[in-house]
Amino acid sequence: MDKTYNPHAIEQQWYQHWEANSYFTPSGTGKPYSIVIPPPNVTGSLHMGHAFQDTIMDTLIRLKRMQQHDTLWQVGTDHAGIATQMLVERKVQAEEGLTRHDLGREKFLDKVWEWKEESGGNITRQLRRLGASVDWDRERFTMDDGFYEAVQEAFIRLYEDGLIYRGKRLVNWDPKLHTAISDLEVVSEDEAGHLWHMRYPLADGATTANGDNFIVVATTRPETMLGDAAVAVHPEDERYQHLVGKFVELPLVGRRIPVIADDYVDQEFGTGCVKITPAHDFNDYAMGQRHALAMINVLDQDAAILATPEVYNTDGMPVTEHNEAIPAAYQGLDRYQARDAIVADLQQAGQLEKIEDHTLKAPRGDRSGLVIEPLLTDQWFVSTKPLAEPAIAAVEDGRIEFVPKQWQNTYFSWMRDIQDWCISRQLWWGHRIPAWYDDAGQFYVGRSEAEVRAKHQLGDINLRQDDDVLDTWFSSGLWTFGTMGWPDMTEALKRYHPTDVLVTGFDIIFFWVARMIMMTMHLMKHEDGSAQVPFKTIYVTGLIRDENGDKMSKSKGNVLDPLDLIDGISLDDLLAKRTGNMMQPQLAKKIDKQTRKHFPEGMAAYGTDALRFTLCSLASTGRDIKFDLGRIEGNRNFCNKIWNAASYVLMNCEDQDCGQHGGEVELTLADKWIVSRLQRTQQKVLSALDSYRFDHAAEALYSFIWNEYCAWYLELSKPVLWDENASAAQLRGTRRTLVQVLESALRLAHPLMPYITEEIWQKLKPLVGQTGDSIMLQAYPEFAADKVDEQAESDLNWVRDVIEGVRNIRGEMGISPAKPIPLLFSKGKPSDQNKLQANSQFLIKLAKLESVTWLEAGEEAPLSATALVGEMEVLVPMAGLIDKDAELARLQKELAKLTGEIKRFNGKLGNAKFVDNAPAEVVDKERAKLAEAEAAAATLQQQVAKIEAI
RNA sequence: AGGACUAUAGCUCAGUUGGUUAGAGCGCUACCUUGACAUGGUAGAGGUCGGCAGUUCGAAUCUGCCUAGUCCUACCA
């Protein structure tokens with residue numbers, strides 16, 4: 001075994017070994033347990049969120065595998081429509097100066113596939129570095145042939161079930177990407193804007209209550225007036241009631257539009273008069289539907305002004321009404337240029353009453369960052385309400401459970417108010433919609449052109465497939481069963497579906513989780529016809545944030561790359577990574593400065609195990625995680641501790657009799673104690689993992705291994721192993737305990753830290769009589785109640801108390817740890833004497849004692865520094881060692897503490913209400929504590945008196 | 001506007017059904033190259049558990065209000 005712990009040296013080889021031996025493949029026996037990985041973008045790279053979630057999934061999978069379940073961890077990647085297409089577009093633009101339109105659909109798609117092949121392996125390589133025990137043999141991609149079939153089938157079935165429809169609707173249009181996007185892909189933030197108050201002249205000589213021949217509307221988007229179809233007021237608004245049914249004449253355009261009444265209008269806001277533009281605003285659209293207003297679209301796909309409006313009735317059918325040409329001055333102008341022009345013209349005409357500052361929520365496309373434009377287009381939609389109902393029920397009745405529970409409220413509130421889902425995208429990279437159009441615009445849905453022709457007896461008329469592709473989330477909604485071979489009812493589906501747990505972030509509960517539930521429950525049925533859920537538990541993780549609690553993002557330059565934490569990175573490389581190739585180069589200086597401040601020497605190589613253990617230890621529920629380098633450093637040290645402990649064990653046990661071949665065995669108190677403590681640790685770790693408390697599991701492992709096994713047990717083993725008079729049975733007992741407990745602890749820790757546990761286990765296995773090839777296939781330790789030894793635990797606490805009492809005196813009195821000191825025991829009970837006799841070797845070694853002396857009752861003790869163990873006094877003679885004042889000060893400090901306690905206990909017990917009402921058990925406990933504190937105080941008081949007397 | 005979450009040691013976080021002297025890691029102080037480990041050891045210091053009120057014999061824990069912060073959803077023409 002190498003002298004120092006070097007994660008790099010051990011990690012890669014074991015992963016290769018596991019993978020080469022197909023240890024990640026489901027065993028096919030035992031109870032099935034399955035997890036699907038949330039598919040990362042195929043061209044993406046692993047970030048801390050992935051590392052976190054994948055660590056948790058791997059921990060669960062390794063645990064279940066060791067518990068002899070038939071585990072499947074399904075792996076794969078997502079084609080990530082918009083993100084990938086944009087990336088390749090940028091790349092082609094940068095490298096060849098071409099747009100995708102220059103290339104054409106087919107050639108451009110070739111480029112995307114090329115890029116996918118080139119960079120697609122990146123994320124899977126990174127997954128391997130993390131130790132993720134996914135089944136690579138079943139790796140899938142959302143656009144591989146089989147998955148394509150699943151997507152097409154899902155579309156067709158939903159269509160045939162009446163849950164997919166096509167229609168002209170107002171959708172969120174991205175004027176840069178030239179595609180519709182779903183509500184979820186629009187992010188709204190407060191932005192500074194204006195509220196323009198515009199005069200709309202009343203037609204036919206009508207006047208307002210105060211005699212004006214115009215009304216004033218307030219708007220944040222003056223340019224949309226070109227598409228106004230009405231002005232709305234509140235039905236109870238006394239200012240305008242009499243105008244309802246009359247008309248106004250639209251300035252600059254001249255269109256006569258009605259004044260209508262609708263209680264959507266807020267009388268308090270603006271002027272109480274709202275211009276209604278059904279083709280360019282979602283609320284206006286709804287109002288247009290209610291009042292049968294024409295939808296007058298005045299914008300093209302670039303959000304520039306059309307020459308002639310496109311007008312539709314409420315059914316989306318084109319009509320000729322209101323299709324007079326738009327004034328030439330505005331034709332072809334971009335929406336913002338048009339705004340300026342219209343405002344200027346209104347001003348000139350004296351029809352602009354005022355301009356107010358106004359903050360508004362600007363809806364922006366989450367990919368392009370541009371303000372999206374509500375635009376009337378033909379799109380495909382999923383009717384979500386019928387799908388949502390069973391999906392809600394499944395969570396209500398517990399077939400699907402959120403961990404932590406609170407997330408179900410988020411889910412419910414969204415699902416109960418769900419809107420239809422626009423699934424068509426005007427992109428090229430994605431699943432082509434399986435619909436064909438004839439020249440008349442009639443469409444036919446089917447698996448292929450041939451199928452469509454045959455089914456609808458179309459002969460050889462012209463047919464053209466829909467150009468659009470499906471929203472990426474449509475295909476990822478099928479992920480749990482699409483990866484297992486659906487629409488065929490494969491053996492894998494029968495065995496591993498529904499999956500057991502989904503591990504994901506709250507940010508995609510709507511995007512993905514909810515839709516997965518809806519799609520799966522509609523498409524996947526049990527044999528009895530009831531709906532299958534995609535997974536039984538949803539473990540929702542928090543977000544990993546930087547050391548300041550800020551979200552990690554490339555533009556902020558605060559991203560931590562998990563691979564850098566594993567391998568380490570120099571400051572220069574880190575700076576280059578964070579400030580190179582930036583979208584906003586002006587931020588580089590600031591990022592440079594911050595990075596130098598936080599990582600003056602770059603980052604050390606902490607190794608995968610330290611990273612994984614840290615992520616687990618931070619995984620408490622219901623909160624985000626500020627990633628603190630201190631934690632991973634501490635856990636790297638923990639790995640080092642394990643390494644060195646193993647080194648000690650091997651040094652003392654290799655080529656020795658460790659009882660693996662039988663033979664008489666005698667166990668010391670320390671042996672019995674550590675075995676007992678191991679049981680309790682196993683119990684804690686198991687119950688923590690069962691309840692998804694990875695932090696508790698990590699804590700239990702850490703404190704057992706470091707604070708009990710290393711700090712105490714290894715030290716307690718030394719007096720036995722180094723005792724020349726120790727019997728073979730004693731040596732065998734201690735060696736056996738050393739190796740067995742370490743071996744169990746390694747298995748216990750393996751799901752969290754796969755590499756170091758494997759490396760050490762390989763060295764240890766012959767010493768415990770194991771022959772398995774890998775720790776990952778060994779049985780997970782189980783709690784054995786019969787190995788819990790209360791007596792050993794309490795006896796060992798006595799030993800620790802004595803040792804710690806002496807160490808305290810040493811520490812506080814400044815006695816060199818190198819100096820052996822004599823120790824006297826006074827006022828002890830017979831049980832104390834027994835313990836002393838049985839364990840003096842431990843005391844002498846660990847407290848560095850010169851001698852131990854038992855004083856019988858009445859025997860005079862020399863003047864000493866005192867520590868108390870129960871009622872027994874542990875005495876370090878002062879002669880030549882201890883200064884009188886220092887000991888007095890030490891005693892006074894102890895006494896002060898005791899006095900405080902006594903006062904509190906007395907207060908409590910003096911309160912009749914407490915004594916009368918509290919359970920007798922609690923009262924007795926308080927009494928006992930009081931008695932103990934009083935006795936201790938009395939003893940120390942006597943000591944003080946004695947010392948003061950000299 | 002509605003909702004969720006968070007507030008505990010200098011920092012990052014635990015604290016299960018109300019009953020311990022409120023814990024851990026990092027950091028800090030002093031001492032120590034003792035035959036696994038200085039990525040270490042020993043001994044310490046450090047908290048009126050965000051504030052106020054209430055329930056209770058008893059509150060970090062339950063209830064209400066308030067303050068501060070984070071986030072989500074809807075939406076203001």
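Order of the sequence lines fixes the chain letters, A, B, ..., with proteins taken first and strands second; residue numbering starts at 1 for each chain.
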*Within the pair H358(A) and A77(B), is there a side-chain N or O less than 4.0 Å away from OP1 or OP2?*
yes

*Does OP1 or OP2 of G40(B) have a side-chain N or O of N637(A) closer than 4.0 Å?*
yes

*With under 30° as parallel and over 60° as perpendicular, where do the rings of F510(A) and W414(A) fit, or are they tilted in between?*
parallel

*How about F402(A) and W407(A): are their ring centroids closer than 6.0 Å?*
no

_Can you tell me which nucleotide in C57(B), C37(B), G44(B) comes closest to the side chain of N644(A)?_
C37(B)

_Mate of A38(B) where both pairing distances stay under 3.5 Å, Watson-Crick or G-U_ = none

*Does N652(A) have a side-chain nitrogen or oxygen under 4.0 Å from the phosphate oxygens OP1 or OP2 of A36(B)?*
no

_Rounded to whole Å, please give me the gap between CG in L543(A) and P in U6(B)._
16 Å

_Suppose we define a pair by two distances each less than 3.5 Å, Watson-Crick or G-U wobble; what does C57(B) pair with here?_
G19(B)

*Starting from P on U39(B), measure out to CG on N640(A) and report it in whole angstrom.*
8 Å

*Could you tell me whether the side chain of K556(A) reaches within less than 4.5 Å of the side chain of D550(A), counting heavy atoms only?*
yes

*Within the pair W712(A) and U42(B), is there a side-chain N or O less than 4.0 Å away from OP1 or OP2?*
no

*What is the per-nucleotide protein-contact pattern of nucleotides 8-21 of chain B, from the 5' end, where B denotes a base atom under 4.0 Å from a protein heavy atom, S denotes such proximity for sugar-phosphate atoms only, and - denotes neither?*
----BSSS---BSB

*For F842(A), is the NZ or CZ atom of K718(A) found under 6.0 angstrom from the centre of its six-membered ring and inside 45 degrees of the ring axis?*
no

_In this structure, how many angstroms lie between the P atom of A77(B) and the CG atom of D263(A), rounded?_
18 Å

*Is Y411(A) near enough to C72(B) that one of its side-chain N or O atoms lies under 4.0 angstrom from OP1 or OP2?*
no

*Please state whether the base of A36(B) and the side chain of E715(A) form at least one donor-acceptor pair under 3.5 Å?*
yes

*R807(A) CZ to C32(B) C1': how many Å, rounded?*
12 Å

*Separation of F627(A) atom CZ from G25(B) atom P, in whole Å?*
18 Å

_Stacked pair W722(A)-G35(B), distance under 5.5 Å, angle under 30°_ = yes

_Taking pairing as Watson-Crick or G-U wobble with both contacts under 3.5 Å, can you name the mate of A68(B), or confirm there isn't one?_
U6(B)

*Between C32(B) atom C1' and M813(A) atom CE, what is the distance in whole Å?*
18 Å

*Just call it for C710(A): base, sugar-phosphate, or nothing, with non-hydrogen atoms closer than 4.0 Å on any strand.*
base

*Please check the phosphate of U34(B) (OP1 and OP2 only) for any side-chain N or O of K819(A) closer than 4.0 Å.*
no

*asked:* Under a 3.5 Å cut-off for both contacts, is A24(B) paired Watson-Crick or G-U wobble with anything, and if yes, with which nucleotide?
replied: U12(B)

*Do the rings of F638(A) and W706(A) sit parallel, tilted or perpendicular, given the 30° and 60° boundaries?*
parallel

*State yes or no: are the ring centers of H234(A) and F269(A) separated by less than 6.0 Å?*
no

*Are K929(A) and F905(A) in a cation-pi setup, meaning NZ or CZ lies under 6.0 angstrom from the ring centre and within 45 degrees of the ring axis?*
no

*G35(B) P sits how many Å from K845(A) NZ, rounded?*
9 Å

*Specify the separation, in whole Å, of atom NZ of K275(A) and atom P of C76(B).*
13 Å

*Should L618(A) and R631(A) count as side-chain neighbours, where that means a heavy-atom distance under 4.5 Å?*
yes

